[in-house]
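What you see below is based on every heavy atom in this structure, not just the backbone, and it leaves out hydrogens, waters and symmetry mates. All chains are named by letter (A, B, ...) in the order of the sequence lines, taking the proteins before the strands, and each is independently numbered beginning at 1.
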Amino acid sequence: MYSPRCSRRLHRRMKLRFAPSPTGFLHVGGARTAIFNLLHARRYGGTYLLRIEDTDVERSRQHHAEQIVSSLTWLGVEWDEGPIYQSDRLERYRERAAELVAQDKAYRCYCTIEELEADRAAAEKAGKQWHYSGRCRIAAEIGDEREGPHVIRFKVTPGPIHFRDLIRGDVHFEGELLDDFVLLRSDDNPTYHLSVVVDDIDMEVTHVARGDDHLSNTPKHILLFRAFGADVPTFAHLPLILGSDKKRLSKRTGATSVEEYRDLGIVPEALVNFLTLLGWSPGGDRELFTADEASEMFDLSDVNKAPAVFDPEKLLWMNGQYLMRMPADEIYPHLVPFLGDAPPSLDELRGAIELNKSRGRTLRDIADLLQSYTIADEELEYDAEASKKHLKGDDLAERMRELHAALAAAEPFDVNTTEEALRQLAESHGVGAGKLIHPLRLALTGRGSSPPIFDVAVVLGKEKSLRRLQRLIDSLDAIAR
RNA sequence: GGCGCAUUCGUCUAGGGGUCCAGGACGCCGCCCUCUCACGGCGGUAACACGGGUUCAAAUCCCGUAUGCGCUACCA
């Protein structure tokens, strides 16, 4: 049986590319395309090229290109070649277009946009499907050349076009349905169709994995590859990523760019893992894996055909899984942007991070949790609801004073001695340990919930813990008076 | 409209003729662990779009239908 993954081009070094247009931030769909290309290249020892497709001068922006590059870097997507900017290669596209004209495979078209619009409107009015009239093609064939601004159109040859897509399998199109498409615009800049094919030939790209929205462009590209006498690369069209409304993921249904997820406090490893699982699965029950692990199993031909809905809930869960498995030293650099203007040092935070990393799903959550540790004692606020629940009983202040004394005597100040001290005190009063623990939690963290309180005390240190406990006692006394 | 593609729990998926009255994960619900909150453990909820074939046997193969999505530019 024919298997597309061991096709005829084994003699040629496998080469893949990611080719975004710099018209906005890196979209998560684009990020997934970049990741899938990377994984396939790594799996088969191929090379990976980054190419910026900025031939649309109207919409392309250099700063977007830079943002895309930095998002890819943040994700850990590393390329072997590039970034190559198509805007640096405009002459090459013009040259190739001229070749096709010289070979009679393309022609100059002098129709203006206005004329074409009028034709289109007329066709629509008549309820018919619009097609390019071909008037300039005919004129070119009888040698009736004009002067003035023009585009270069490709002469589409009729006949069926068939290709085997790594993901879709056999795909068929009818050449008759294709219009003579534009290769070179009237401003002398190439269209996507021209630049992408010229580049994939020049750069010896063997595998083109791109979004599903390009599937119906593929026959045009195949015709161009043939016109240039080049090998047609293997295609793989990735299904789209959908929003919860089952439409192409848009801002309406949530964040769409890699940067937004970064700012939400998602770690890159988690985003990559999550995106890799959208449309692909290593088989079995495996959910959590690194990009390196994935690249040992990944194959474009195993990617699902159906579009996948982006589920932010699951991303959050996965991010939590990553956070809780990461050592504090590894989390810290990712955390810094969320720590405000004067971020505490890693040494100050290490213990608190370890204690809290399994208690949040995003870096933001963790940063918020960490505040109770680094905040100045006098700025610590007691959660109203928890105070109401736990700060009661006439003898509370007295009990807290005793607890303060007991903890002050705890030596060394570790989880065992502090817990032992508190439990003994509780027992001697014939009350549950909770009667002391909950107020202590409020004293130390200001919150109704926290990591195990003796761990918190140890991380805060004896001095700070006692100071905070004393502060609670003082405020209880103040209220009593 | 034309062309193309797709369709397994709410969502991501496993599965590719019998081992599937469909497995895992997220979510949700319950229980356990427990000083609280998480984490973790256990259990539960929930799906083969529909209709015809082929076959001893279909989630799996074929054909329709429906629905959705994409493309239909001098955007990519």
Item to check | Interatomic distance, A/Phe181 CZ vs B/U72 C1' [rounded to whole Å] | outcome: 14 Å
Checklist entry - Watson-Crick or G-U wobble partner for B/G1, using a 3.5 Å limit on both distances? => result B/U72
Checklist outcome for this item: Side-chain contact check for A/Arg168: nearest option of B/C71, B/U11, B/C5 is B/C5
Checklist entry - Quick one: does A/Arg361's side chain get under 4.5 Å of A/Glu313's, heavy atoms only? => result yes
Checklist entry - With a 4.0 Å cut-off on heavy atoms, is A/Gly279 in touch with a base, just the backbone sugar-phosphate, or nothing at all? => result sugar-phosphate
Item to check | Test item: A/Tyr85 and A/Pro22 side chains (from C-beta on) under 4.5 Å apart, heavy atoms | outcome: no
Checklist outcome for this item: Residue pair A/Asn304/A/Thr112 against RNA chain B: nearer the 5' end by closest nucleotide is A/Asn304
Checklist entry - Roughly how far apart, to the nearest Å, are B/U65 and B/G4 at atom P? => result 13 Å
Item to check | Contact residues, residues 441-455 of chain A to RNA chain B [heavy atom, < 4.0 Å] | outcome: A/Arg441, A/Gly448, A/Ser449, A/Ser450, A/Pro451, A/Pro452, A/Ile453
Next on the checklist: Please give the distance between the P atoms of B/A59 and B/G53 as a whole number of Å.
Outcome noted: 15 Å
Item to check | Shortest side-chain distance from A/Ile437, nucleotide among B/A14, B/C26, B/C35 | outcome: B/C35
Checklist outcome for this item: Taken to the nearest whole Å, CZ/A/Phe173 to C1'/B/G70 is 10 Å
Checklist entry - Reckon A/Ile113 touches a base, only the sugar-phosphate, or nothing at all at heavy-atom distances under 4.0 Å? => result base
Item to check | Separation of the P atoms in B/U19 and B/G64, to the nearest angstrom | outcome: 29 Å
Item to check | Option passing side chain to side chain contact (heavy atoms under 4.5 Å, CB included) with A/His237 (candidates A/Val303, A/Asp212, A/Ile167, A/Val171) | outcome: A/Asp212
Checklist entry - Is B/U34 paired to anything, Watson-Crick or G-U wobble with both distances less than 3.5 Å, and if yes, which nucleotide? => result none
Checklist outcome for this item: When rounded to the nearest 0.5 Å, the distance separating CD1 of A/Ile161 from CG of A/Leu178 is 5.5 Å
Checklist entry - Within the side chain of A/Glu293, is there an N or O that forms a donor-acceptor pair under 3.5 Å with the backbone of A/Thr290? => result yes
Checklist entry - A/Asp213 has an atom CG; how far is it from atom P of B/U72, in whole Å? => result 9 Å
Checklist entry - How is A/Glu287 classified with respect to the nucleic acid when contacts are heavy atoms under 4.0 Å: base, sugar-phosphate, or nothing? => result base
Next on the checklist: Short of 4.0 Å, heavy atom to strand atom, which residues of residues 49-56 of chain A count as contacting RNA chain B?
Outcome noted: A/Glu53, A/Thr55, A/Asp56
Checklist entry - How is A/Val151 classified with respect to the nucleic acid when contacts are heavy atoms under 4.0 Å: base, sugar-phosphate, or nothing? => result base
Checklist entry - Does any N or O in the side chain of A/Arg468 come within less than 3.5 Å of the main-chain N or O of A/Lys464, such that one atom is a donor and the other an acceptor? => result no
Item to check | Non-hydrogen side-chain atoms of A/Ser465 and A/Leu407 separated by less than 4.5 Å | outcome: no
Item to check | Base-pairing assignment for B/A59 (Watson-Crick or G-U wobble, both under 3.5 Å) | outcome: none
Item to check | Side-chain donor or acceptor of A/Tyr261 paired with backbone N/O of A/Ala255 under 3.5 Å | outcome: yes
Checklist entry - So, A/Glu260 and A/Ser257: side-chain donor and acceptor under 3.5 Å apart, yes or no? => result yes
Item to check | Watson-Crick or G-U wobble mate for B/U7, both contacts under 3.5 Å | outcome: B/A66
Checklist entry - A/Phe181 ring centre to A/Arg153 NZ or CZ under 6.0 Å, with the angle to the axis within 45°? => result no
Item to check | Nucleotide B/C5, atom C1' - distance to NE2 of A/His237 in whole Å | outcome: 11 Å
Item to check | Counter-base of B/C21, judged by Watson-Crick or G-U geometry with both distances under 3.5 Å | outcome: none
Checklist entry - Under 4.0 angstrom, heavy atoms only, what part of the nucleic acid is A/Ala306 near: base, sugar-phosphate, or nothing? => result sugar-phosphate
Item to check | Pairwise C1' distance, B/C9 and B/G17 [rounded to whole Å] | outcome: 23 Å
Checklist entry - Quick one: A/Phe235 CZ to B/G70 C1', roughly how many Å, whole number? => result 17 Å
Checklist entry - Considering only the P atoms, how many Å lie between B/U60 and B/C48, rounded to the nearest integer? => result 12 Å
Checklist entry - Which part of the nucleic acid, if any, lies within reach of A/Arg59 when heavy atoms closer than 4.0 Å are counted: base, sugar-phosphate only, or nothing? => result base
Next on the checklist: My understanding is that a pair needs two contacts under 3.5 Å, Watson-Crick or G-U wobble. By that rule, which nucleotide pairs with B/G43?
Outcome noted: B/C29
Checklist entry - Do A/Asn273 and A/Thr276 pass the side chain to side chain donor-acceptor pair (under 3.5 Å) test, and can you show the C-alpha distance, the side-chain angles, and the key distance before you say yes or no? => result CA-CA 5 Å; A/Asn273 192 154; A/Thr276 305; 5.8 Å; no
Checklist entry - Expressed as a whole number of Å, how far does the C1' atom of B/A73 sit from that of B/C26? => result 41 Å
Next on the checklist: Counting only Watson-Crick pairs (N1-N3 plus N6-O4 or O6-N4) and G-U wobbles (N1-O2, O6-N3), all under 3.5 Å, who is the partner of B/U54?
Outcome noted: none
Item to check | Separation of atom CZ in A/Phe289 from atom P in B/U13, rounded to whole Å | outcome: 12 Å
Checklist entry - Should the ring pair A/Phe298 and A/Trp280 be called parallel, tilted or perpendicular, given that the plane angle runs from 0 to 90° and is split at 30 and 60? => result tilted
Checklist entry - Looking at B/C35, B/C26, B/A38, which one has an atom nearest to any side-chain atom of A/Arg423? => result B/C35
Item to check | Distance-only donor-acceptor test (3.5 Å): side chain A/Ser186, base B/C74 | outcome: yes
Item to check | Options B/C5, B/C71, B/A25, nucleotide nearest the side-chain atoms of A/Trp317 | outcome: B/A25
Checklist entry - Using atom P of each nucleotide, how far apart are B/C50 and B/U8 to the nearest Å? => result 11 Å
Checklist entry - Want to settle it: does A/Ile167 or A/His438 sit nearer the 5' end of RNA chain B, counting the closest nucleotide to each? => result A/Ile167
Checklist entry - Between A/Leu369 (CG) and B/U36 (C1'), how many Å, whole number? => result 13 Å
Checklist entry - Which nucleotide, B/A6, B/C26, B/C37, lies nearest any side-chain atom of A/Arg359? => result B/C37
Checklist entry - Taking the side chain of A/His193 as its heavy atoms from C-beta onward, which of B/C37, B/A76, B/G24 lies nearest to it? => result B/A76
Checklist entry - To the side chain of A/Asp285, which of B/C26, B/A76, B/G24 is closest? => result B/G24
Checklist outcome for this item: Picking from B/C74, B/U13, B/G70, the nucleotide nearest the side-chain atoms of A/Arg153 would be B/C74
Next on the checklist: Within the 4.0 Å heavy-atom criterion, would you say A/Gln321 contacts the bases, only the backbone, or no part of the nucleic acid?
Outcome noted: sugar-phosphate
Checklist entry - Can you tell me how far P of B/C69 sits from CG of A/Asp212, to the nearest Å? => result 13 Å
Checklist outcome for this item: Partner of B/A14 under the Watson-Crick or G-U wobble criteria, both distances under 3.5 Å, comes out as none
Next on the checklist: Under 3.5 Å, is there a donor on one side chain and an acceptor on the other for A/Tyr373 and A/Asn356?
Outcome noted: yes
Next on the checklist: Students often get this wrong, so: under 4.0 angstrom with heavy atoms, is A/Arg120 touching a base, only sugar-phosphate, or nothing?
Outcome noted: sugar-phosphate
Item to check | Among B/A38, B/G10, B/C71, the one nearest A/Ser216 by side-chain distance | outcome: B/C71
Item to check | Between A/His150 and A/Tyr107, ring centroids under 6.0 Å | outcome: no
